[in-house]
Amino acid sequence: MSRSLSFSELTSYFLQLEETRSRNEMTDILVDLFKETPNSEVDIVCYLVLGQINAEYEEEVLGLGNKMVAKAISIASSKSKQEVQELFRETGDLGTVAEKISGETKTLNSFFGEQKELTVTEVHQGLKDISRFEGSGSYDKKLRTLAGLITRADKVGARYIVRISLGKLRLGIGAMTLLDTLAKTYTGDKKNRPEVERAYNISSDVGLVGKKLAYKGHKGLEDIEVEVGRPIRMMLAQRLENLDEVKDKLEDRFAAEVKYDGERMQIHKKNDEVKIYSRRMEDITHQYPDVVKAINQSIGSKEVIVEGEAVAYKDGELQDFQTLMQRKRKYDIQKYVEKIPVKIFLFDMLYKEDSLLDKPFPERRKKLEQTISENEIVKCSDIIKTTELREVEKFFNKSVDEGQEGIMIKSCSKDSIYRAGAREWLWIKWKKDYETRMSDTVDLTVVGGFAGRGRRSGLYGALLCAAYNKQKDIFETVCKLGTGFSDETLEELPEKLKPFESEKKPARVSSKIEPDQWFKPEFVVEVLGAELTKSPVHTAGIDTIGNEGIAIRFPRFIGFRADKKSEDSTTTKEIMVMYEKN
DNA sequence: TGTGCCTGCCC
DNA sequence: ATTCTGC
DNA sequence: GCAGAATGGGCAGGCACA
């Protein structure tokens, strides 16, 4: 009988992977790992290498985040929770923390007698157990089980158990590198990656792909086909800098569609049985009984997969994203079906009695329109076919005026297949905030900083930013800011901000959020956002609209404003005006 | 029983 | 979601 | 240009704890 892979063997490969940044080398290392892996454990190794415990569409989740894991490390190490948190802030990696301080328990362990070496299967099983604990006392069980695994592992093992339980191995290995590896290990050539990738994209399960390949080689891929009822990885869109680039990318064969601000849905219908999957392939059927019913009324065909965007709708108008999000619930479903009705704007058809993935977009779209009959809830997305950029621009403006995000531009060429799981130029998104001239940037005062994690450890990972309330002469938070920084900028930040460090929250700062480091309100940055939303945590304009402030959706750093004083920051009043313009 | 922290998942 | 970076 | 790893706002749900 085949042996079992020990967890320390697995982590010895992880150590090697951390030594390189070349994906070719990573693939070679991983190939060696899979050569050591018994076929029966290939699926588990696939999941663990990605920091998962099962296929993404499976329901089981660990329910372990930084705080829980920090607690577990504390239990496993006899260090206090505060000490663990402090080390976390310093290192930016709980895995390293666990590795560092799980030493003392080891001698204890051997004192009580040699335990059998931890296997990959045991770690996986332990994590699965953790995912299944629920109800009163479950936190404790989760913590104890995780602490137990950490204790049983060696130091390096502790590091990786912690990282896996957080879902962030940070080895530079993602699904695509793993697929390269599987192709090379089991079909002998990385060139076969496209076929392997296809199997993954239509099955949404790397473990399944790995196992099929391990047992049956290249031929195993034939077992994997589209199944109505199992989610397909969703096709994504590239983004543009300028609208004119569309012509370079798609020439004259394209169509433009409204990009609705809602929730993506992939709807599978098999006879009367309807399943709805989210962008991340979660089964969200139970949240939308209204959509299920409407789809059954709308589509007669037996086996169908369609895709669309659900948007909240009331009194003849599409509602914003935040409104729709209240439908993301487990209880009071029927009440909310009535309170927050939705429409689903279908834009693609992936299956009709047979797979349509390889058909060009115009054909799929035509089939979609022929197949569905629109009703109160089920609609086709708004689409125009033109070669005139001016028409596209007009369409874009209309979409934005109606409160939507912008437009999608889709290739209509012969090769415009549905590229499951891929972000390519067959679909292009064009949103209103991509051009700074179209949505105002804002100058904000930095009032706090958050310790960076992973590659940002030892630096600030994000800044707490505030607008200026002129009347009260205080600074009210509007967002945290953690993207848009180059490595260079990130390196500069601690030094630039040092003069403004403050032990406590400065008197002139109003914030519900507690950063790792407070700053006196002096330093100004330029920030771009998509739009302004009502916020339960940010304080900008908090008395003007009841007890809620305003926040920026999708904030990103544009640059420093050394020329500005904090009092020259965008004012809360200006923010309110911008908010009301929406 | 109510509140607040934490997590996962939408974007 | 957006953004940056090494390959 | 791909693939990966940093990071955002904000919603509901689950649990602990007062």
Side-chain angles (χ1 to χ4, degrees), chain A residues 20-26 50-51 56 59 61-71 92 133-140 142 166-180 236 238-239 259-265 278-282 284 287 309-310 320-332 336 405 422-425 429 431 433-434 450 452-457 459-465 478-490 513 527-538 548-558:
Chain A
T20 179
R21 274 196 286 201
S22 149
R23 284 185 55 239
N24 284 333
E25 274 181 52
M26 287 176 183
L50 296 181
E56 292 142 276
E59 284 192 15
V61 286
L62 284 170
L64 296 171
N66 288 327
K67 294 290 161 70
M68 288 281 281
V69 172
K71 242 185 192 170
F133 294 134
E134 59 177 14
S136 183
S138 61
Y139 274 36
D140 212 48
K142 280 175 194 267
L166 291 168
K168 282 170 186 273
L169 235 16
R170 297 189 11 247
L171 295 171
I173 308 289
M176 294 308 148
T177 310
L178 179 56
L179 294 171
D180 270 344
L236 305 171
Q238 269 291 4
R239 44 170 296 179
K259 187 176 193 308
Y260 297 93
D261 191 8
E263 183 177 14
R264 181 103 173 249
M265 284 182 179
S278 70
R279 153 108 186 251
R280 282 178 56 176
M281 295 168 298
E282 300 293 318
I284 53 171
Q287 295 169 18
E309 187 90 359
D320 64 18
F321 179 71
Q322 272 170 296
T323 306
L324 178 74
M325 275 302 94
Q326 297 173 52
R327 285 290 303 267
K328 194 183 149 205
R329 65 198 306 110
K330 195 169 166 183
Y331 307 108
D332 298 329
Y336 275 79
E405 292 188 296
R423 187 186 292 282
E424 289 182 344
W425 292 104
K429 55 181 165 181
K431 291 172 62 166
D433 54 297
Y434 288 172
F450 300 88
R453 319 259 163 91
R455 54 182 273 128
R456 293 194 185 173
S457 63
L459 303 167
Y460 289 115
L463 304 175
L464 184 59
C465 298
V478 264
C479 68
K480 292 203 283 175
L481 184 62
T483 191
F485 306 110
S486 66
D487 283 3
E488 199 190 346
T489 302
L490 233 29
I513 297 168
V527 175
L528 174 65
E531 62 175 341
L532 298 164
T533 59
K534 272 199 264 186
S535 168
V537 293
H538 288 289
E548 281 189 308
I550 298 290
I552 298 176
R553 178 143 87 139
F554 308 143
R556 52 262 206 198
F557 173 81
I558 298 298

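Predicted model only: the values in this text are computed from it and were never measured. The figures here come from the full heavy-atom set of this structure, side chains too, leaving out hydrogens, waters and symmetry mates. Chain identifiers are assigned alphabetically (A, B, ...) following the order of the sequence lines, protein sequences preceding nucleic acid strands; residue numbering begins at 1 within each chain.
Distance from the side chain of A:K480 is smallest for D:dG8 among the nucleotides B:dT7, D:dA6, D:dG8. Checking C:dT3, D:dG10, D:dC15 against every side-chain atom of A:H538, the shortest atom distance belongs to D:dG10. Between B:dC10, C:dC7, D:dG9, one nucleotide has an atom nearer to the side chain of A:P555 than all others, and that is D:dG9. The side chain of A:Q238 lies closest to D:dC2, out of C:dC7, D:dG14, D:dC2. Considering only side-chain atoms of A:S22, the nucleotide from C:dC7, D:dA6, D:dG14 that sits closest is C:dC7. For A:E134, taking side-chain heavy atoms from C-beta onward, the closest of the listed nucleotides D:dC15, D:dG8, D:dA3 is D:dC15. The A:C479 side chain lies nearest to D:dG9 when the options are D:dG9, B:dC9, D:dA6. Checking B:dC9, D:dG14, D:dG10 against the side-chain heavy atoms of A:E282 singles out B:dC9 as nearest. The listed nucleotides are D:dA6, C:dC4, D:dC11; the one nearest the side chain of A:D487 is C:dC4. Nearest to the side-chain atoms of A:T483 among the listed nucleotides D:dT7, D:dG10, B:dC11 stands D:dT7.
Although no hydrogens or angles enter the test, the distance criterion places no donor-acceptor pair under 3.5 Å between the side chain of A:R556 and the main chain of A:G484. In terms of modelled atom types and a separation under 3.5 Å, the side chain of A:Q322 and the main chain of A:K534 share a donor-acceptor contact. Not one N or O on the side chain of A:R280 forms a donor-acceptor pair closer than 3.5 Å with the backbone of A:S278.
A salt bridge links A:R23 with A:D180: the closest approach of a Lys/Arg side-chain nitrogen to an acidic carboxylate oxygen falls below 4.0 angstrom.
Mapping A:L236 and A:R21 onto DNA chain C by nearest heavy atom places A:L236 closer to the 5' end of the strand. Mapping A:E405 and A:S486 onto DNA chain C via the closest heavy atom, the residue that lands nearer the 5' end is A:E405.
Nucleic acid contact class of A:L490 (heavy atoms, under 4.0 Å, all strands): none. Backbone-only engagement by A:K429 is indicated by non-hydrogen atom pairs under 4.0 Å involving sugar-phosphate atoms exclusively. In this structure, A:K259 reaches the sugar-phosphate backbone alone: every heavy-atom distance under 4.0 Å involves primed, P, OP1 or OP2 atoms, never a base. Using a 4.0 Å heavy-atom cutoff across all strands shown, A:G529 reaches no nucleic acid atom at all. Across all strands shown, A:L324 has no heavy atoms under 4.0 Å from either base or sugar-phosphate atoms. Using a 4.0 Å heavy-atom criterion, one finds that A:L171 contacts the sugar-phosphate atoms exclusively. Heavy atoms of A:A175 sit under 4.0 angstrom from primed sugar atoms or phosphate atoms, though from no base atom. The residue A:F557 sits apart from the nucleic acid: no heavy atom pair falls under 4.0 Å. Nucleic acid contact class of A:F485 (heavy atoms, under 4.0 Å, all strands): sugar-phosphate only.
Enclosure of atom NZ in A:K429 by more than 12 non-hydrogen atoms of other residues, nucleotides or ligands within 6.0 angstrom is indicated.
The CG-P distance, from A:L459 to D:dT7, rounds to 11 Å in whole Å.
Side-chain N/O atoms of A:K67 and base N/O atoms of B:dC6 include no donor-acceptor pair closer than 3.5 Å.
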Please walk me through it: do A:E309 and A:K259 pass side chain to side chain contact (heavy atoms under 4.5 Å, CB included)? CA-CA 9 Å; A:E309 187 90 359; A:K259 187 176 193 308; 5.8 Å; no

